[in-house]
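As the structure lists them, so they are numbered: ligands from 1, and atoms in each ligand from 1.
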Amino acid sequence: MTVPTTPPRGRPHLMGVLNVTPDSFSDGGRWLDTRAAVEHGLALVRDGADLVDVGGESTRPGATRPSAEEELDRVVPVIRALVAQGVTVSVDTMRAQVAAAAVEAGAAIVNDVSGGLADPRLAEVVAGTGATMVVQHWRAHGATMQSRDHLDYDDVVTDVVRELRQRVRELQAAGVREEQLVLDPGIGFSKHAEHNWTLLGRLPELHALGRPLLLGTSRKAFLGSLLAAPGADGSLVPRPPAERDTATAATSLLAAQAGVWGLRVHDVRASADALAVLHAWTARMPSAPSPEATEASA
Ligand code: PMM
């Protein structure tokens with residue numbers, strides 16, 4: 001199943017994050033039990049998620065990888081149960097074996113943060129199943145992604161665009177159709193805060209790649225450092241992940257204005273609210289089509 005390139009209701013797709021992991025940076029361990037994970041997935045949909053992204057491997061800096069079996073055990077039962085309830089599911093995996101089992105269980109999207117680099121066989125799975133694939137900019141696994149050689153850019157936007165273009169070419173050579181691809185600059189993956197802000201400030205250059213864009217800013221460290229405040233000893237302490245949702249919703253609003261296809265967020269409700277405000281506001285601007293026309297075309 002290919003997911004439409006035109007987002008619903010005239011706003012970006014909201015992709016709710018469901019990490020079935022013990023160690024993700026903001027919600028590790030909370031949804032490790034299958035039943036709790038499925039309930040949380042359904043709650044994300046009630047909050048306004050159009051897609052639920054189920055992941056069994058934490059990609060945070062320094063994370064160690066689970067085995068393929070562990071990853072399968074975590075994600076497949078959750079995907080199957082959510083699909084049975086009519087949810088559009090994406091699987092957040094870098095492994096071909098997991099992608100294949102997830103699509104078999106009903107996932108519509110393969111969200112590979114490595115863009116097909118970590119496991120070259122993943123492209124064959126995507127080509128063979130016709131699933132949508134999110135191709136994220138990536139340079140290395142969590143253990144080394146923030147090492148000095150992986151943070152080396154001449155110009156972060158030009159370099160990310162070039163590396164993503166190369167991925168698209170290689171995936172097409174492996175049989176994936178261009179229409180299957182959604183691209184993602186990989187906020188926080190081999191990037192310092194300044195790199196992340198530069199990418200966000202220059203999104204039109206990423207749009208020039210000609211494919212829909214997904215962004216994952218939710219609760220990430222660059223927001224924590226933006227909102228840092230002095231601690232008891234006077235040194236700056238980053239805002240903790242669970243207190244970054246208002247800032248995340250602000251990025252969602254700005255990214256929607258910049259025309260992205262999708263937003264991957266933990267707190268779906270906050271971003272859905274921000275997008276509702278944006279829609280109500282811009283629909284009444286003199287240059288906008290009437291709100292009724294936008295709704296009719298959605
Ligand atoms: N970020 C994380 C995990 N998966 N997928 C895409 N496409 N884009 C992202 O930015 C992204 C991702 C890391 O965040 P998490 O540990 O909170 O899931």
Side-chain angles (χ1 to χ4, degrees), residues 3 12-32 37 40-41 44 49 51-66 71 74-75 78 89-95 98-99 102 107-118 122 126 131-142 145-146 160 164 167 181-191 193 195-196 199-200 203 206 211-224 240-242 244-245 247-248 251-252 255 260-268 271:
V3 172
H13 289 284
L14 283 174
M15 177 189 269
V17 178
L18 181 50
N19 287 321
V20 192
T21 58
D23 56 345
S24 288
F25 75 96
S26 83
D27 54 357
R30 287 191 70 189
W31 323 116
L32 203 48
H40 185 57
L44 292 170
L51 315 164
V52 173
D53 190 38
V54 181
E57 170 177 357
S58 167
T59 49
R60 72 181 162 74
T64 49
R65 303 196 70 189
E71 199 185 335
R74 289 175 189 173
V75 299
V78 177
V89 171
S90 105
V91 61
D92 190 336
T93 187
M94 291 184 264
R95 288 187 166 115
V98 177
I109 303 178
V110 176
N111 171 26
D112 180 355
V113 296
S114 82
L117 279 172
L122 189 135
V126 172
T132 296
M133 176 178 181
V134 178
V135 178
Q136 196 201 247
H137 177 259
W138 182 87
R139 288 182 163 181
H141 285 289
M145 73 179 180
Q146 295 300 96
V160 166
L164 280 175
R167 290 310 308 135
L181 302 178
V182 170
L183 304 180
D184 181 335
I187 298 299
F189 286 78
S190 295
K191 319 243 174 13
H195 295 137
N196 296 325
L199 283 161
L200 294 175
L203 283 179
L206 288 147
R211 294 305 306 148
L213 293 180
L214 175 76
L215 274 184
T217 58
S218 189
R219 298 184 180 170
K220 287 193 176 164
F222 77 118
L223 299 176
R244 298 174 189 165
D245 288 327
T248 299
T251 66
S252 293
V260 303
W261 170 90
L263 296 159
R264 183 181 179 280
V265 292
H266 299 85
D267 181 351
V268 171
S271 283

Visitor: Would you mind listing which atoms of ligand 1 come within a distance below 4.0 Å of any non-hydrogen atom of Val134?
Guide: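 Within the 4.0 Å cut-off of Val134, ligand 1 contributes 7 (N).
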Visitor: I'd like to check which ligand 1 atoms, numbered from 1 as shown, lie under 4.0 Å from a non-hydrogen atom of Asn111.
Guide: 5 (N), 6 (C), 7 (N)
Visitor: So which atom in Val20 and which in Arg74 form the shortest heavy-atom distance, rounded to 0.1 Å?
Guide: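 Of all heavy-atom pairs spanning Val20 and Arg74, the closest is O-CD, 3.0 Å.
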Visitor: Is the shortest side-chain heavy-atom distance between His195 and Val160 below 4.5 Å?
Guide: no
Visitor: Where do Asp184 and Leu214 come nearest, in terms of heavy atoms and distance?
Guide: CG-O, 3.2 Å
Visitor: Could you check atom 13 (C) of ligand 1 against the protein and tell me its nearest heavy-atom contact, residue, atom and distance included?
Guide: Thr59 OG1, 3.6 Å
Visitor: Within ligand 1, which atoms have a heavy atom of Val113 less than 4.0 Å away?
Guide: 4 (N), 5 (N), 12 (C)
Visitor: Just to be sure I'm reading this right: ignoring hydrogens, which of Lys220, Met94, Glu57 gets closest to atom 1 (N) of ligand 1? Compare them by their nearest heavy atoms.
Guide: Lys220
Visitor: In terms of residue, atom name and distance, what is the protein heavy atom nearest to atom 6 (C) of ligand 1?
Guide: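 Nearest neighbour among protein heavy atoms for atom 6 (C) of ligand 1, to 0.1 Å: Asp184 OD2, 3.2 Å.
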Visitor: With heavy-atom distances below 4.0 Å as the criterion, list the atoms of ligand 1 near Leu214.
Guide: 7 (N)
Visitor: Could you please spell out the steps behind the side-chain contact (heavy atoms from CB on, under 4.5 Å) verdict for Leu223 and Thr251?
Guide: CA-CA 10 Å; Leu223 299 176; Thr251 66; 4.1 Å; yes
Visitor: So is Arg219 touching ligand 1 or not, going by heavy atoms under 4.0 Å?
Guide: no
Visitor: Could you walk me through whether Leu199 and Lys191 pass the side-chain contact (heavy atoms from CB on, under 4.5 Å) test, one step at a time?
Guide: CA-CA 10 Å; Leu199 283 161; Lys191 319 243 174 13; 3.6 Å; yes
Visitor: Give the residue, atom name and distance (to 0.1 Å) of the protein heavy atom nearest atom 9 (C) of ligand 1.
Guide: Gln136 OE1, 3.1 Å
Visitor: Which atoms form the tightest heavy-atom contact between Ala131 and Val126, and what is the distance?
Guide: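 Heavy atoms only, the tightest pair is O-CG1, 3.6 Å.
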Visitor: Please write down residue, atom name and distance for the protein heavy atom closest to atom 18 (O) of ligand 1.
Guide: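 Scanning the protein heavy atoms, the shortest distance from atom 18 (O) of ligand 1 goes to Arg264 NH2, 2.8 Å.
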Visitor: Heavy atom under 4.0 Å from ligand 1: found in Leu215's side chain, backbone, both, or neither?
Guide: neither
Visitor: At their closest point, which heavy atom of Val110 faces which heavy atom of Ala99, and how far apart are they?
Guide: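 Minimum heavy-atom contact is CG1-CB, 3.9 Å.
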Visitor: What distance separates Glu71 CD from Thr21 OG1, expressed to the nearest 0.5 Å?
Guide: 10.5 Å
Visitor: To which protein heavy atom is atom 4 (N) of ligand 1 closest, and what is the distance rounded to 0.1 Å?
Guide: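 Looking only at protein heavy atoms, the one closest to atom 4 (N) of ligand 1 is Asp92 OD2, 2.8 Å.
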Visitor: Atoms of ligand 1 less than 4.0 Å from His266 heavy atoms?
Guide: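 Listed by number with element, the hits are 17 (O).
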Visitor: Can you name the nearest heavy-atom pair linking Ser218 to Thr248, along with the distance?
Guide: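 Smallest heavy-atom distance, with atoms named: CA-CG2, 3.5 Å.
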